[in-house]
Asker: 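Pasting a structure below so you can have a look.
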Amino acid sequence: MFESLTDKLTNAMRHLRGTAKLSEENMAEALKEVRAALLSADVHFKVARSFIERVKEKCVGQDVLKTVTPGQQIIKIINDELTALLGEGSTELSKKKPLKIMMVGLQGGGKTTTTAKLAKALKKDGYKPHLVACDVYRPAAIDQLETVARQIEVPCFAKRGTPDVPAIGEEGLSVARASGDDLIIFDTAGRLQIDEQLIEEIKELKRRVNPDEVLLVVDGAIGQEAVNVAKTFNEAVQLTGIVMTKLDGDARGGAALSMKEITNVPIKFAGTGEKLDEFDVFHPDRMASRILG
Ligand code: GDP
């Protein structure tokens, strides 16, 4: 059996029984365990470092409680701090109508699936969704979006044979508006790695369709690379939210903390399976427990 972080901290702080206050020295071993837990959950090392500093500031000088073990006391402080950080910002989407949402991210992260999941969830709330296929590089991507659109019974605008993504976006937008649809979701192309051309393309698409929300879709198992991905997309298209997918897998999801810390963009939704209703608003408390293990 693996020892939980609570067990490890309880162990690391056994010597504190009867100590009056938490101090940098008497917490050193415990904080090392916390750092190891964050790193093994794939939190970026710089983010782990600043998080530990913050926790240290909160803890130093606190009286050691009589009612719980010092290990439990630290775990509670860490858990509260992590939940608060992960939960900063609202999970709500803009209330504008029509509501225009642009989905961005690396290939394979779950953009197309999440586009359909979001459309399905908002359709239940009374929106009339219209999907727009802006991934012109992989013909299979357009087919995939059309397939999921059929499954959730919403229209999908696609145009084959032209690489002019911003023009496709604009045309999709006018078609959707003319049909009286009030939720337009643009599914953009992803690459295995971020490249200049992709970034220029989504910047121009954003300029032309002026979305109310720009959501970055990332695989929950992305790990250390999350920092770079979130930073680059945020600088290019000013994200309004992050969607973490594949949280049904075993990844510990430390990327959530890394991305939040680096961009300060709220994590709005979570993908929890391949099916189109396996989708939920993001729960910071669940993610905090998952990261701490
Ligand atoms: P895109 O390239 O970013 O558009 O990614 P896709 O939407 O095509 O998704 C890539 C793969 O991830 C597909 O096999 C999806 O079924 C799968 N996928 C997407 N979201 C989730 C999720 O939340 N959980 C699981 N288990 N699989 C997912």
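When a ligand or atom number is given, it counts from 1 through the structure's own listing order. Only a predicted model underlies this, so the values are computations on that prediction, with no experimental measurement involved.
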Asker: Kindly give the heavy-atom pair with the smallest separation between V64 and Q73, and that separation in Å.
Answerer: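 Smallest interatomic distance, heavy atoms only, reads CA-OE1, 3.6 Å.
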Asker: With a cutoff of 4.0 Å, is G109 in contact with ligand 1, counting heavy atoms of the residue only?
Answerer: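 True for this residue.
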Asker: Would you say G249 touches ligand 1, if touching means a heavy atom closer than 4.0 Å?
Answerer: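 Contact check G249 vs ligand 1: negative.
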Asker: Is it true that atom NZ of K159 has more than 12 heavy atoms of other residues, nucleotides or ligands lying nearer than 6.0 Å?
Answerer: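 Result for NZ/K159: open.
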Asker: Do any N/O atoms on K111 end up under 3.5 angstrom from N/O atoms on ligand 1?
Answerer: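 Yes, there is a polar N/O contact under 3.5 Å.
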Asker: Tell me: protein heavy atom nearest atom 7 (O) of ligand 1, and distance?
Answerer: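 Protein heavy atom at minimum distance: T113 OG1, 2.6 Å.
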Asker: Nearest to atom 27 (N) of ligand 1, what protein heavy atom do you find, and at what distance?
Answerer: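 Going by distance alone, atom 27 (N) of ligand 1 is nearest to E274 CG, 3.3 Å.
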Asker: Give the residue, atom name and distance (to 0.1 Å) of the protein heavy atom nearest atom 22 (C) of ligand 1.
Answerer: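 Checked against all protein heavy atoms, atom 22 (C) of ligand 1 sits closest to G273 O, 3.1 Å.
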Asker: For atom 17 (C) of ligand 1, what's the nearest protein heavy atom and its distance?
Answerer: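 Heavy-atom neighbour on the protein nearest atom 17 (C) of ligand 1: K246 CE, 4.1 Å.
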Asker: Is K111 salt-bridged to D187, going by a charged N under 4.0 Å from an acidic O?
Answerer: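 Salt bridge absent between K111 and D187.
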Asker: So, is E278 polar-close to ligand 1, with some N/O to N/O distance under 3.5 Å?
Answerer: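 Among all N and O atoms of E278, none is under 3.5 Å from an N or O of ligand 1.
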Asker: Quiz question: by atom type and distance under 3.5 Å, do the side chains of Q151 and K120 form a donor-acceptor pair?
Answerer: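 There is no such pair between these side chains.
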Asker: With backbone taken as N, CA, C and O and side chain as the heavy atoms from C-beta onward, which portion of K117 lies under 4.0 Å from ligand 1: side chain, backbone, both, or neither?
Answerer: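 It is the side chain that gets close, since no backbone atom is under 4.0 Å.
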Asker: Give the atoms of ligand 1, by number and element, whose distance to some non-hydrogen atom of T272 is under 4.0 Å.
Answerer: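 Taking each heavy atom of T272 in turn, ligand 1 has 23 (O) under 4.0 Å.
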Asker: Taking atom types as modelled, is there a side-chain donor on T240 or E213 under 3.5 Å from an acceptor on the other?
Answerer: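 Indeed, the side chains of T240 and E213 share at least one donor-acceptor pair under 3.5 Å.
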Asker: Can you find an N/O atom of Q107 closer than 3.5 Å to an N/O atom of ligand 1?
Answerer: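 No, there is no polar N/O contact under 3.5 Å.
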Asker: Hey, does D248 come in under 3.5 Å of ligand 1, counting only N/O atoms on both sides?
Answerer: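 Yes, at least one N or O pair falls under 3.5 Å.
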Asker: Report the member of A140, G108, G190 with the shortest heavy-atom distance to atom 10 (C) of ligand 1.
Answerer: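 It is G108 that holds the nearest heavy atom.
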Asker: Just checking, is any N or O donor in the side chain of Q107 or Y137 under 3.5 Å from an acceptor N or O on the other one?
Answerer: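 Absent: no donor and acceptor within the cut-off.
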Asker: Take atom CD in Q193; do more than 12 heavy atoms of anything else shown fall under 6.0 Å from it?
Answerer: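 For Q193, atom CD is not crowded (no more than 12 foreign heavy atoms under 6.0 Å).
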Asker: In terms of atom number and element, which parts of ligand 1 are under 4.0 angstrom from non-hydrogen atoms of G271?
Answerer: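 Those atoms are 23 (O).
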Asker: Quiz question: by atom type and distance under 3.5 Å, do the side chains of N210 and K206 form a donor-acceptor pair?
Answerer: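 N210 vs K206: no donor-acceptor pair found between side chains.
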Asker: Heavy-atom contacts under 4.0 Å between L106 and ligand 1: side chain, backbone, both, or neither?
Answerer: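 The answer is the backbone.
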Asker: Between T112 and ligand 1, which residue portion shows a heavy-atom distance shorter than 4.0 Å: side chain, backbone, both, or neither?
Answerer: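 Within the 4.0 Å criterion, T112 contacts ligand 1 through backbone and side-chain atoms alike.
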Asker: So for atom CG, which belongs to D250, do other residues, nucleotides or ligands contribute more than 12 heavy atoms lying within a distance under 6.0 Å?
Answerer: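 Count not over threshold, so no.
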Asker: Are any of the side-chain nitrogens in E274 or K117 under 4.0 Å away from the carboxylate oxygens of its partner?
Answerer: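 No, this pair does not count.
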Asker: Look at ligand 1 and say whether V217 reaches it with a heavy atom at a distance under 4.0 Å.
Answerer: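 Distance cut 4.0 Å: V217 fails for ligand 1.
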Asker: For Q144, take its heavy atoms, then give the atoms of ligand 1 lying under 4.0 Å from any of them.
Answerer: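 Numbered from 1, ligand 1 contributes 6 (P), 7 (O), 8 (O).
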Asker: Answer yes or no: does atom CZ of R35 have more than 12 heavy-atom neighbours from other residues, nucleotides or ligands under 6.0 Å?
Answerer: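 Count not over threshold, so no.
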